[in-house]
Amino acid sequence: MKEVVVSAPGKLMLLGEHAVVYGKPCLVTAVNKRLNIKVSLTGGRDFILNAPDVSVRSYKKPLAMLGRAETPKGAAFVEKAVLNFKERYSFEEGLLLETDSEFSSGFGFGSSSASTVCVIKALSEIFERKLSKKDIFDLSYKTVLDVQKTGSGFDVASAVYGGTIYFVAGGEEIERIDNKSFNLIVGYSGTKADTSEIVREVAKKREEEKEKVDGIFAAIEILVENGKKFMLESDWENFGKTMNENQVLLSQLGVSIGKLDHMIDAARNAGAYGAKLSGAGGGDCMLALSPPDKLGDIRKAIESTGGKIIDIEASAEGVNML
Ligand code: MEV
């Protein structure tokens, strides 16, 4: 049985969330917690998916029915990715897909985008189609938009390119910044955020208070540009200050919550260069940028607020074959 195994990293937004949905840039890093997919040709004519991490077991459909009839929530991105690949590159062979995740889909690490990218990469390998990184990004991003309607694509780009990237919505600019010399501490708030819902709430706020919200986005853009410069110079003190300023703006947007605020305050009081929420807000994770000698203190401080530390390394490799 012909099979391939592909792996893509999770991601963490460093600076620029929400504003990136409105055409502004952001900085995102890929993390060494990965999502793996094994794709095998079965010799049949069905699409079969096992994705235990999202409670999908032996979900089966004839290939001709992809995108039709009901799809379990946990299978939506994978099924759409297979359908989009099939429509573009055409194949008739039945497939078995098995996913295996090193992180919970509740963390906000981008499990949907990582699994979408894995599927497109795996199918390109198994059917021997030469796809560039940009081709994989474009088809994966189309898939994500087909399923969830909103999203800048920063998570898709992170899964494809890896490293730390400067990203402009839709992949208009994707620039790798290869600096690995920073120490991030990630704290999980214990609540899963509904990203699409929060993005809709921000859109509603923008309708009601356009000038204010556009002012916040413009200020975030400046922070991202400064942050990129500080990162290239390894100026972590100023990068941390930029994170703190970004957090003030995210609070003004109304997307932070008490639990995240406590974790962020605790990290700063324990000596972090800076700390902020990461992603849509409303739950998921916060990040602290730590001086090398404060890692233990900051971890303890976050834990003392009830946050759960998730051990990660930043700037991980993008999608690859195992
Ligand atoms: C969510 O992780 C980040 C947002 O900027 C949405 C997006 O960029 O797609 C809020």
Side-chain angles (χ1 to χ4, degrees), residues 8-31 33 35 76-77 103-117 137-138 140-161 164-174 184 186-189 191-206 213-214 216-221 223-224 227-228 243 246-247 249-257 260 264 276-287 310 312 314:
K11 56 76 192 160
L12 283 166
M13 181 72 98
L14 299 179
L15 293 170
E17 46 273 271
H18 288 291
V20 67
V21 177
Y22 295 84
K24 307 295 189 195
C26 72
L27 288 185
V28 53
T29 194
V31 298
K33 296 276 186 262
L35 190 133
F77 289 88
F103 58 89
S104 156
S105 61
F107 289 169
F109 276 14
S111 53
S112 308
S113 45
S115 56
T116 303
V117 167
F137 170 82
D138 286 341
S140 301
Y141 182 42
K142 172 186 166 18
T143 303
V144 167
L145 282 183
D146 286 345
V147 177
Q148 70 184 23
K149 311 296 174 219
T150 60
S152 61
F154 81 102
D155 41 3
V156 177
S158 182
V160 173
Y161 292 86
T164 298
I165 55 177
Y166 171 92
F167 173 85
V168 178
E172 263 173 52
E173 274 186 65
I174 300 173
L184 276 187
V186 179
Y188 176 54
S189 66
T191 327
K192 180 172 165 48
D194 183 339
T195 300
S196 301
E197 175 63 31
I198 298 169
V199 168
R200 273 196 296 276
E201 277 166 22
V202 170
K204 189 160 166 274
K205 191 176 173 72
R206 183 166 178 264
V213 172
D214 281 349
I216 293 174
F217 291 159
I220 291 176
E221 177 174 21
L223 294 181
V224 172
K228 177 183 171 192
M243 289 169 74
N246 196 164
Q247 176 63 21
L249 295 166
L250 290 165
S251 295
Q252 287 172 10
L253 269 186
V255 299
S256 199
I257 56 170
L260 286 168
I264 290 165
K276 64 182 278 292
L277 66 82
S278 175
D284 288 349
C285 291
M286 53 71 71
L287 301 174
I310 306 171
I312 59 109

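Computed from a prediction, not measured in an experiment: that's the story for all the values here. Numbering of ligands and ligand atoms starts at 1, following listing order.
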*Would you please name every residue forming a salt bridge (charged side-chain N to carboxylate O under 4.0 Å, His left out) with K11, sequence neighbours left out?*
none
*asked:* With a 4.0 Å heavy-atom cut-off, what residues sit around ligand 1?
replied: K11, E17, H18, V20, V21, G151, S152, F154, T195, V199, G279, A280
*Cation-aromatic face contact K228/Y166, 6.0 Å, 45 degrees*: yes
*Under the salt bridge (charged side-chain N to carboxylate O under 4.0 Å, His left out) rule, collect the residues that match up with K204, sequence neighbours excluded.*
E208
*Is a side-chain N or O of K149 found less than 3.5 angstrom from the main chain of D146, in a donor-acceptor match?*
yes
*Report the relative orientation of the aromatic rings in F109 and F103; use parallel for angles under 30°, tilted for 30 to 60°, perpendicular for over 60°.*
tilted
*asked:* Y141: which residues meet the ring pair (Phe, Tyr, Trp, His ring centres under 6.0 Å) condition with it, sequence neighbours left out?
replied: F137
